[in-house]
Amino acid sequence: MGEWMKKGPLEWQDYIYKEVRVTASEKNEYKGWVLTTDPCPIWVDNAFLSIASSMVLWGLGFLFCKSALNLLFLQSIVLVNFLEDGSMSVTGIMGHAVQTVETVSEGDHRVREKLMHLFMSGDCKSYSPEDLEKRKNSLKKWLEKNHIPITEQGDSKRTLCVAGVLTIDPPYGPENCSSPNEIILSRVQDLIQGHLAASQ
């Protein structure tokens with residue numbers, strides 16, 4: 001078992017937005033910027049990217065010990081490389097194949113911003129950062145008013161997290177919610193729809 005398989009979600013998160021060198025089984029080596037680690041899904045133009053992204057199931061993590069978490073999560077890594085022609089390549093490495101992960105570069109705020117906005121939906125790009133902040137704060141107040149436990153997560157505090165089992169990403173509409181719990185998902189989406197209707 002490689003050192004990567006012994007790590008947990010909080011340790012995986014330390015690698016996000018850093019340039020790393022990954023040694024995988026069969027002596028394969030990969031290098032790139034860590035976009036995400038297991039387990040939250042990424043949506044790209046309504047297509048599901050099968051490699052998971054950081055922490056949708058994080059709320060469930062409190063229910064399991066670390067060894068159970070290691071079985072629950074695939075511990076996969078998604079690497080991005082920016083190519084000379086302006087395009088990019090995305091590589092997913094399944095956790096069971098990862099032997100070692102070595103940080104090559106910490107990166108800077110420009111790389112972080114570029115990675116954070118790679119798969120942002122088109123409707124989100126039409127909002128200024130100030131507008132997104134207003135939408136987030138307005139929604140957060142609305143959910144708190146409705147006695148919904150809400151926190152902000154991530155380095156930039158852009159993602160709202162409801163009760164540790166649902167996340168809401170910019171631009172904070174019902175379609176920006178994700179959760180493995182369909183009942184909670186449906187109820188929070190209804191609340192957000194009500195909030196949007198009330199604020200128009």
Side-chain angles (χ1 to χ4, degrees), residues 9-10 12-13 16-17 33-64 69 72-74 76 78 80 88 90 92 109-200:
L10 290 177
W12 304 334
Q13 198 171 16
I16 295 177
Y17 307 132
W33 295 94
V34 178
L35 174 63
T36 188
T37 59
D38 202 75
C40 144
I42 297 175
W43 289 89
V44 183
D45 294 329
N46 296 325
F48 179 67
L49 187 66
S50 63
I51 300 297
S53 158
S54 81
M55 310 316 217
V56 156
L57 297 176
W58 177 236
L60 297 176
F62 294 108
L63 304 175
F64 300 98
L69 272 176
L72 177 64
F73 299 125
L74 298 174
S76 303
V78 176
V80 173
M88 67 175 175
V90 179
H109 73 281
R110 289 175 296 165
V111 172
R112 178 182 293 261
E113 285 296 315
K114 198 170 183 180
L115 290 167
M116 287 173 63
H117 294 93
L118 274 181
F119 297 112
M120 189 177 286
S121 65
D123 57 340
C124 188
K125 291 179 183 174
S126 64
Y127 293 99
S128 71
E130 295 80 21
D131 288 340
L132 286 175
E133 187 68 21
K134 285 179 188 173
R135 286 177 65 91
K136 178 184 77 171
N137 291 334
S138 175
L139 177 59
K140 185 176 177 187
K141 286 178 187 171
W142 174 262
L143 292 171
E144 287 170 341
K145 179 181 172 185
N146 285 280
H147 307 288
I148 306 294
I150 186 101
T151 58
E152 296 177 25
Q153 68 180 32
D155 289 339
S156 61
K157 304 290 186 193
R158 293 171 21 117
T159 300
L160 295 176
C161 183
V162 175
V165 295
L166 180 138
T167 57
I168 310 167
D169 291 310
Y172 309 105
E175 66 282 357
N176 305 113
C177 297
S178 61
S179 174
N181 186 318
E182 292 293 326
I183 295 170
I184 293 174
L185 178 64
S186 174
R187 290 186 180 162
V188 171
Q189 285 176 322
D190 288 345
L191 278 173
I192 294 172
Q193 193 62 49
H195 166 65
L196 292 174
S199 38
Q200 289 180 352

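Side chains are part of it too, since the values below use all heavy atoms of this structure and drop only hydrogens, waters and symmetry mates. Just so you know, residue 1 is the first one in the sequence shown, and it goes up from there.
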State, yes or no, whether a side-chain contact exists between Pro171 and Asn176 at a heavy-atom distance under 4.5 Å. yes
Nearest heavy-atom pair of Ile168 and Gly173: which atoms, and what distance? CG2-O, 4.4 Å
What's the spacing between Lys136 NZ and Ile150 CD1 if we round to 0.5 Å? 10.0 Å
Rounded distance [0.5 Å steps], CG in Leu166 versus CD1 in Ile148: 10.0 Å
With sequence neighbours left out, which residue pairs that include part of residues 177-200 fulfil the ring-ring contact (aromatic ring centres under 6.0 Å, His included) condition? Trp142-His195
Strictly by ring-ring contact (aromatic ring centres under 6.0 Å, His included), give each pair with a member in residues 172-194 just once, sequence neighbours left out. none
Identify which one of Thr167, Asp169, Thr151 satisfies the side chain to side chain donor-acceptor pair (under 3.5 Å) criterion when paired with Thr159. Asp169
Ignoring hydrogens and angles, write down the donor-acceptor pairs under 3.5 Å from the side chains of residues 180-194, residues two or more places apart or on other chains.
from: Asn181; atom 1: OD1; to: Ile183; atom 2: N; distance (Å): 3.0
from: Asn181; atom 1: OD1; to: Ile184; atom 2: N; distance (Å): 3.0
from: Gln189; atom 1: NE2; to: Pro174; atom 2: O; distance (Å): 2.8

Please list all pairs passing the salt bridge (charged side-chain N to carboxylate O under 4.0 Å, His left out) test where one or both residues lie in residues 140-149, with sequence neighbours left out. Lys140-Glu152
